[in-house]
Amino acid sequence: MSRLTGVGVSSGRASGPVARVADPLPEPPAAPAPTDPAAEAARVRPAAEAVAERLFQRASRVDGDAKAVLETTAAMAIDPALISQAEQLVNTRALPAPRAVYEAANGFSDALRAAGGYMAERARDVQDVRDRIIAELFGMKPPGVPELDRPSILLARDLAPADTADLDPALVLALVTEEGGPTSHTAILARALGIPAVVAVRGVLGVPDLVGAIVDGDSGQVETSEEMVAVQVAERAAPGEWNGHGATADGKQVKIIANVGSGADARAAFAAGAQGIGLFRTEFCYLAADDEPSVDTQRRAYAEVLAPFADKPVVVRTLDAGADKPLAFLDMGVEPNPALGVRGLRVAFAWPDVLERQLTAIAGAAADSGAEVSVMAPMVATVDEAAWFAERVRAAGLPRAGVMIEIPAAALSAAEILDVVDFVSIGTNDLAQYVFAADRMAGALAELNDPWQPALLRLIATVGHAGRELDKPVGVCGEAASDPLLAGVLAGLGVTSLSMAAAAVPVVGAALAKHPLLTFQQAAEAALSAPTPTRARAAVHAVLGS
Ligand code: PEP
Ligand code: MG
């Protein structure tokens with residue numbers, strides 16, 4: 001087993017077999033010189049057009065970010081500057097067409113790399129276009145994602161946007177790249193698709209006989225262990241019976257709902273059997289937007305997510321901008337410590353009119369769809385903040401207002417907060433980060449961000465207790481909810497809904513249906529009194545007999 005650390009750029013855990021993305025073709029040779037340079041030069045444009053055509057066709061089958069990325073890549077392939085420079089290189093230096101395309105594209109990508117930052121990450125896009133045109137000129141299959149015949153973790157040196165744009169989330173469990181950065185398209189799309197992703201995992205391509213992996217998109221850790229993966233894949237393949245109704249064996253309801261960031265996610269969640277949406281991360285719709293989207297644009301985007309869940313519960317979270325999810329149109333400037341800075345609801349205090357417009361759009365989308373919409377604020381610290389938010393939600397004509405519990409102060413004030421809102425949902429990703437003072441993106445601190453940490457479970461218990469006392473719903477929408485063993489513990493702690501990535505829905509639903517609530521309450525007691533996460537897991541296994 002080996003454990004490697006990269007940068008987690010898209011939340012969630014997954015395990016499964018690894019499928020490698022083929023490296024680009026080798027550098028094309030500069031010889032032999034073409035006997036007819038004009039005819040050789042004339043091959044460049046049709047090859048580029050064929051590549052663009054295929055990308056446009058793929059774009060026509062998808063929408064949203066994926067469509068935009070594929071169309072942009074297609075446009076790059078037929079960039080007149082790229083084509084004419086390659087043609088000139090054939091004519092002036094008597095290069096074979098593939099070599100000319102190679103050199104022309106490298107000129108562009110070198111310039112982008114030299115510009116640094118965001119521009120440098122676009123260099124990979126130009127190289128992708130280059131490799132596709134070269135493969136076309138050689139009459140070979142384009143490099144990139146292999147045909148997947150089973151759900152797999154994709155492993156690549158780096159992924160081009162066109163590789164990731166129309167990935168099927170049902171077949172791709174996670175993305176791992178040896179290179180890449182947190183603002184690359186790979187990262188943005190992985191987040192939008194709800195696929196866990198870790199980039200910059202140095203050395204992962206060199207691991208011998210790598211056939212399976214466990215990927216943690218929050219801590220950035222990638223473990224390779226054939227044995228463990230085999231067990232988890234088997235669990236995933238045979239989740240047991242789940243009748244689609246979220247409840248314990250004795251019928252105590254615990255809704256099994258999904259985390260989504262786009263219309264495609266919502267459709268996947270519906271197909272997976274989710275009973276609703278527990279967290280719609282609206283900021284995922286706008287990670288690449290330079291300007292605030294209009295109310296109409298927002299309304300359409302939200303309506304697309306709500307559409308599959310007409311008459312079902314959907315929790316829409318208002319923009320959670322800041323820290324690891326900056327939005328260009330809500331720029332807080334440089335902060336020395338962004339995770340502790342102006343983020344989440346704090347941004348709405350600075351721009352209340354942006355919140356107002358978003359609430360108007362959500363209310364419009366709710367009316368369009370017929371879904372049972374609730375609205376929830378991210379990063380709430382105090383009762384006053386919760387009350388401020390609830391007042392605005394109600395003023396916008398929306399019937400239910402809730403807040404996330406992801407700051408320890410909010411967990412400790414859960415009863416008072418529940419007094420002024422209709423529900424709360426625990427964001428265990430951030431709650432763990434703030435309880436343990438451990439950056440959720442830092443691989444080296446992954447053990448502190450383990451949701452089985454008894455200190456975290458004790459805070460969740462405080463919130464669950466407040467919910468029971470006041471008879472108000474308490475959800476969990478952090479990654480903890482997708483762990484089938486922990487799901488029962490959370491139910492035992494008083495949690496009334498579990499929201500997770502679509503892939504986890506049937507597995508968690510089945511795990512919850514295995515035992516009555518009383519057994520889960522005993523499991524929760526055992527976990528709470530354990531001194532360490534390992535002992536908590538072992539104690540719960542002992543109670544549940546698994
Ligand atoms: C969380 O913090 O647990 C959560 C669900 O919100 P996000 O992961 O979007 O910060
Ligand atoms: Mg959070």
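As the structure lists them, so they are numbered: ligands from 1, and atoms in each ligand from 1. Since we're looking at a predicted model, the values are computed, not measured. Here, residue 1 is the first one in the sequence, and each next residue gets the next number.
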Looking only at N/O atoms, are Asp430 and ligand 1 under 3.5 Å apart anywhere? yes
Under a 4.0 Å threshold between the charged nitrogen and the carboxylate oxygen, would Arg343 count as salt-bridged to Asp320? yes
For a quick test of reading the model, state the closest non-hydrogen atom pair linking Gly341 to Arg346 and the distance between them. O-NH1, 3.0 Å
If you have a sec, work out which protein heavy atom is nearest atom 10 (O) of ligand 1 and how many Å separate them, to one decimal? Arg440 NH1, 2.9 Å
For Lys325, the atoms of ligand 1 under 4.0 Å from one of its heavy atoms are 7 (P), 9 (O), 10 (O)
Within less than 4.0 angstrom of ligand 1, does Gln433 place any heavy atom? no
Tell me which protein heavy atom sits closest to atom 6 (O) of ligand 1, plus the residue, atom name and distance to 0.1 Å. Arg317 NH1, 3.0 Å
Using only N, O or S atoms, tell me which atom of Asp430 is closest to the Mg ion (ligand 2). OD2
Glu479 touching ligand 1 at heavy-atom level, < 4.0 angstrom: no
Evaluate whether atom CZ of Arg535 has more than 12 neighbouring non-hydrogen atoms of other residues, nucleotides or ligands under 6.0 angstrom away. no
Count the heavy atoms belonging to other residues, nucleotides or ligands that lie under 6.0 Å from NZ of Lys255, then report whether that count exceeds 12. no
Tell me, which protein residue and heavy-atom name are nearest atom 7 (P) of ligand 1, and how many Å apart are they? Arg281 NH2, 3.5 Å
Looking only at protein heavy atoms, which one is nearest to atom 5 (C) of ligand 1, and what is the separation? Cys477 O, 3.4 Å
Any heavy atom of Leu279 under 4.0 Å from ligand 1? The part involved is side chain
NZ (Lys252) with more than 12 external heavy atoms under 6.0 Å: no
Give a yes or no on whether Glu406 keeps an N, O or S atom under 2.8 Å from the Mg ion (ligand 2). yes
